[in-house]
Number of protein chains: 2
Amino acid sequence: MLSTEQIIGVMSAQGLRITDQRRSLAKLFAERDGYLTPKDVYEYMCKEYSGLSFDTVYRNLRVMEELGAIEQVVFEDGLKFRAGCSSEGHHHHHMICLQCQKTYPIHFCPMPLTDAPEEFQVVKHKFEVFGYCKNCRKDAAAEKEQAAERSGVN
Amino acid sequence: MLSTEQIIGVMSAQGLRITDQRRSLAKLFAERDGYLTPKDVYEYMCKEYSGLSFDTVYRNLRVMEELGAIEQVVFEDGLKFRAGCSSEGHHHHHMICLQCQKTYPIHFCPMPLTDAPEEFQVVKHKFEVFGYCKNCRKDAAAEKEQAAERSGVN
DNA sequence: TTGGCTGCAAACTATTTGCAGCGCT
DNA sequence: AGCGCTGCAAATAGTTTGCAGCCAA
């Protein structure tokens, strides 16, 4: 995944100005390795840089996405962003934790094994696995126990 | 895929009233075998049933989705709906035409071949292939030629 | 008859855009 | 100094909700 400096480098190289907000954005995406909603981004950045407006977040997310510094994915509950990782070399897919939003690479790609029927001309594909990662699995189990206890008592 | 009568049956069985609008919706989804946006649905239904409001479309799409009469998927360009097909028996995936939105089933599922790293607990997965189907492939090729001619002349 | 369904209008959420002033380069 | 970036406010797109009248059962 890209580091803070790499993200800033990408932006700078394309002629963008490096403002405090953008530095802060770069740092955020480099620190986290999961998906963030525009709201997550806004809330994080407000801490570091108060007086921030939502428009700036949207504008910068879009610019950074167009430059390839970050990647954008549509989920059922809206748009999310993460630091670029397709630049990391080979094509790959992700396992995504439903709790913490972190992602784990899957190097296996099903496309070569998939038959395209009726002369279907393949352009792109999406393969995503959702579930709970090692850490959140524990959390989820603990919560379930608590829920069971509550309903058992009541 | 479900037929008009099957869709109406599902709704009726769950205590919903069968109104003209709902009959029209059922017919639409039974006729098409691709994804439709709420706007597509609205435009089609206006022809058959004028005086229709957008709210009714949204309300009915939601109800039908909750009942399992139709299925909902999020794409980059928004929500789309199609007649239920997971009821068709075995688990499967889809190839989706970027032009006409029709879908073709893929019976191959990559999940059994995918290793879950680090004790990742898999809950669900998504595997979708996008491209152009037999018919739209021709259309796309024809358009490309036209575009090439235009740019070649100018 | 009557409670569910519809159209209308308004509210809401998420995102985009116009504009004037500030600040990176 | 100059132009890009930002905040503010307003516009826009997509979707949901409240309410009163209408209609399938």
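Chain naming here is simple, since letters A, B, ... match the order of the sequence lines and numbering starts at 1 in each.
Across A/Ile96 and B/Phe120, no two heavy atoms sit closer than the pair O-CZ, 3.5 Å. B/Arg17 approaches B/Arg22 most closely through the heavy-atom pair O-NH1, 3.0 Å.
D/dA25 atom P lies 11 Å from atom CD1 of B/Ile8, rounded to whole Å. A/Glu76 has its CD atom 14 Å from the P atom of D/dT15, to the nearest Å. Remark: P of D/dC5 and OH of A/Tyr49 are 14 Å apart, rounded to the nearest angstrom. Note: CZ (A/Phe81) to C1' (C/dA14) measures 12 Å, nearest angstrom. When the C1' atom of C/dT16 is taken as reference, atom CD of A/Glu65 falls 16 Å away, rounded to whole Å. At whole-Å resolution of the value, CG in A/Leu61 and P in D/dT6 are 11 Å apart. Look at CG on B/Asp20: it is 10 Å from P on C/dG7, rounded to the nearest Å. Put simply, CG on A/Leu67 is 14 Å from C1' on D/dG4, counting in whole angstrom units.
Contact between the side-chain N/O atoms of B/Arg62 and the OP1/OP2 oxygens of D/dT17 is found at a separation under 4.0 Å. For A/Arg22, no side-chain nitrogen or oxygen approaches OP1 or OP2 of C/dC24 to under 4.0 Å. Under 4.0 angstrom from either OP1 or OP2 of C/dG7 there lies at least one side-chain N or O belonging to B/Ser53. Proximity of B/Tyr58 to the phosphate of D/dT15: a side-chain N or O atom is located under 4.0 Å from OP1 or OP2.
Note that NE2 of B/His125 and OG1 of B/Thr114 are 8.0 Å apart. Values are rounded to the nearest 0.5 Å.
Using a 4.0 Å heavy-atom distance criterion, A/Arg59 is classed as a base contact. As judged by a 4.0 angstrom heavy-atom cut-off over every strand, A/Tyr42 is placed among residues making no nucleic acid contact. Using a 4.0 Å heavy-atom cutoff across all strands shown, A/Gly51 reaches sugar-phosphate atoms only and no base atom.
Where B/Asp55 and B/Thr19 meet DNA chain C, the nucleotide closest to each residue was compared, and B/Thr19 sits on the side nearer the 5' end. Residue B/Leu79 is the one, among B/Leu79 and B/Arg23, whose nearest nucleotide of DNA chain D lies closer to the 5' end (criterion: closest heavy atom). Heavy-atom nearest nucleotides on DNA chain C were determined for B/Arg17 and for B/Leu52, and the one closer to the 5' end corresponds to B/Arg17.
A/Ile7 places a side-chain heavy atom less than 4.5 Å from the side chain of A/Phe29.
Within a 6.0 Å radius of CG in A/Asp115, other residues, nucleotides and ligands contribute 12 heavy atoms or fewer.
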